[in-house]
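Residue numbers begin at 1 in each chain, while the letters A, B, ... track the order of the sequences. Remember, it's a predicted structure, so these values are computed and weren't measured experimentally.
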Amino acid sequence: MPEGHTIHRAARDQRPMLAGKVLDVSSPQGRFMEGAAQLDGRRCTAIDAYGKHLLYRFGELSLHIHLGLFGRFRCAKRPAAEPKGEVRVRMMSDTHVVDINGPNSCEVMDPAEAAALVRRIGPDVLRPDADPERAWQRISRSRSSVGQLIMDQSVMAGIGNIYRSELLWRQKIHPDLPGNRLPREAFDRIWADAADLLALGVRTNAIITVDGAKKSKSRYGERVNIFAKNACPACAGKITAFEIAGRRAFACKRCQPKA
DNA sequence: ATAATATGGTGAT
DNA sequence: TCACCCTATTATC
């Protein structure tokens with residue numbers, strides 16, 4: 001379930017559970033034994049989110065987590081229940097248990113490695129210190145498509161596959177438009193809308209791109225406009241489905257002209 | 001039971 | 001562009 005909002009939400013949720021506390025760190029699944037041993041018994045000093053990456057700081061050392069497509073967090077109060085599924089890391093404070101299943105990355109980093117990681121991540125739409133100018137410089141100089149660029153985490157961080165289609169639909173821009181033909185004004189709208197939508201995602205812990213929509217249990221329900229949908233909510237025309245670099249993408253030809 | 005799918009990313013070709 | 005990594009859930013036989 002992870003786009004950028006998921007990670008920032010996790011950081012927000014887990015700070016009061018873990019930060020400032022000495023943690024028991026283990027790997028119930030057994031695939032992170034060495035890393036867990038390095039961190040076990042140390043104090044978690046901070047939890048930082050950068051785009052889709054999460055860094056649990058333990059003084060000099062950082063635990064780098066990237067959920068990938070399948071990863072998930074499970075948080076609970078103690079006493080700890082039996083690990084559910086393949087729990088790569090379990091972190092336990094005096095009050096809480098955080099389990100991480102199926103992360104794409106799970107590694108201990110030294111300060112240089114952590115700094116290098118943060119450096120290669122583009123400006124994060126969810127961070128107040130992000131500099132959109134960096135993203136604009138990349139996009140406006142690139143012949144790649146806007147659809148590709150806004151989901152490239154080194155260009156701008158946080159946007160995933162659903163937000164991509166939804167953002168470009170909301171801003172009436174076709175994903176195939178080359179970055180160097182995107183007007184500055186359109187980029188500004190994309191950035192601002194991304195910041196708003198992802199912030200709402202953090203608040204609700206859900207991807208909601210339909211104005212005024214509420215969380216719902218159905219798969220995409222009324223929360224998204226065109227992602228995995230057939231008809232355009234604006235013009236009732238057919239939504240076209242295609243692929244961008246192997247990922248599903250959606251657009252309305254009528255509402256999202258290429259120029 | 002087995003296959004297909006998924007909101008992600010990397011490294012080789 | 002493809003193969004591959006990681007796991008859980010849903011769809012299909």
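Chaining together hydrophobic side chains whose heavy atoms lie under 4.5 Å apart places A:Ile121 alongside A:Tyr50, A:Leu55, A:Met109, A:Leu117, A:Val118. Hydrophobic clustering, defined by side-chain heavy atoms of Ile, Leu, Val, Met, Phe, Trp and Tyr closer than 4.5 Å, groups A:Val25 together with A:Ile7, A:Met17, A:Leu18, A:Leu23, A:Phe32, A:Leu39, A:Ile47, A:Leu54, A:Tyr56, A:Phe58, A:Leu61, A:Leu63, A:Ile65, A:Leu67, A:Phe73, A:Val89, A:Met91, A:Val98, A:Ile100, A:Val108. The hydrophobic cluster containing A:Ile208, built from Ile/Leu/Val/Met/Phe/Trp/Tyr side-chain heavy atoms closer than 4.5 Å, also comprises A:Leu200. Through direct or relayed side-chain contacts under 4.5 Å between Ile, Leu, Val, Met, Phe, Trp and Tyr, A:Phe242 connects to A:Ile244.
Note: CZ (A:Phe73) to P (B:dG8) measures 14 Å, nearest angstrom. One atom, CD of A:Glu3, and another, P of B:dT7, lie 8 Å apart when rounded to the nearest Å. In this structure, A:Ile162 atom CD1 and B:dG8 atom C1' are separated by 12 Å, rounded to whole Å. Regarding A:Glu243, its CD atom lies at a distance of 13 Å from the C1' atom of B:dA6, rounded to whole Å. When the P atom of B:dT7 is taken as reference, atom CG of A:Leu168 falls 16 Å away, rounded to whole Å. Computed from coordinates, the A:Asn161 CG to B:dG9 P distance equals 10 Å when rounded to whole Å. Following rounding to the nearest Å, A:Leu126 (CG) and B:dT7 (P) show an atom-to-atom distance of 19 Å. Taking atom CD1 on A:Ile244 and atom C1' on B:dG9, their separation rounds to 16 Å, with Å as the unit.
Judged as a side-chain hydrogen bond (donor to acceptor under 3.5 Å, both in side chains), the pairs with a partner in residues 102-117 of chain A (not counting sequence neighbours) are, in order, A:His64-A:Glu107.
Between A:Arg164 and B:dT7, a side-chain N or O to OP1/OP2 separation shorter than 4.0 Å is absent. Under 4.0 angstrom from either OP1 or OP2 of B:dG9 there lies at least one side-chain N or O belonging to A:His66.
Straight-line distance between the C1' atoms of C:dT1 and B:dT7: roughly 22 Å, to the nearest whole Å. A distance of about 25 Å separates the P atoms of C:dC6 and B:dA1, rounded to the whole Å. The P atoms of B:dT13 and C:dC5 are separated by 15 Å, rounded to the nearest whole Å.
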Please report the C-alpha distance between A:Asn230 and A:Ile239 in whole Å, then the side-chain angles of each, then the deciding distance to 0.1 Å, and finally whether the side-chain contact (heavy atoms from CB on, under 4.5 Å) criterion is met. CA-CA 5 Å; A:Asn230 297 314; A:Ile239 294 297; 5.8 Å; no
Using side-chain contact (heavy atoms from CB on, under 4.5 Å), reason through A:Val210 and A:Arg223 one step at a time and then give a plain yes or no. CA-CA 5 Å; A:Val210 176; A:Arg223 298 177 288 108; 5.6 Å; no
Pair up each side-chain donor or acceptor in residues 74-83 of chain A with any protein partner under 3.5 Å, not counting sequence neighbours, and list the distances.
residue	atom	partner	partner atom	Å
A:Arg78	NH1	A:Ser93	O	2.9

Under 3.5 Å, which donor-acceptor pairs do the side chains of residues 155-162 of chain A form with other protein atoms, sequence neighbours left out?
residue	atom	partner	partner atom	Å
A:Asn161	OD1	A:Arg164	NH2	2.8
A:Asn161	ND2	A:Arg248	O	3.1

For every nucleotide of nucleotides 1-8 of chain C, 5' to 3': is a protein heavy atom under 4.0 Å from its base (B), only from its sugar-phosphate (S), or from neither (-)? ----BBBS
Distances under 3.5 Å between nitrogen or oxygen atoms of protein and nucleotides 11-13 of chain B:
none

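Within 4.0 Å (heavy atoms only), A:Arg120 reaches sugar-phosphate atoms of the nucleic acid but no base atom.
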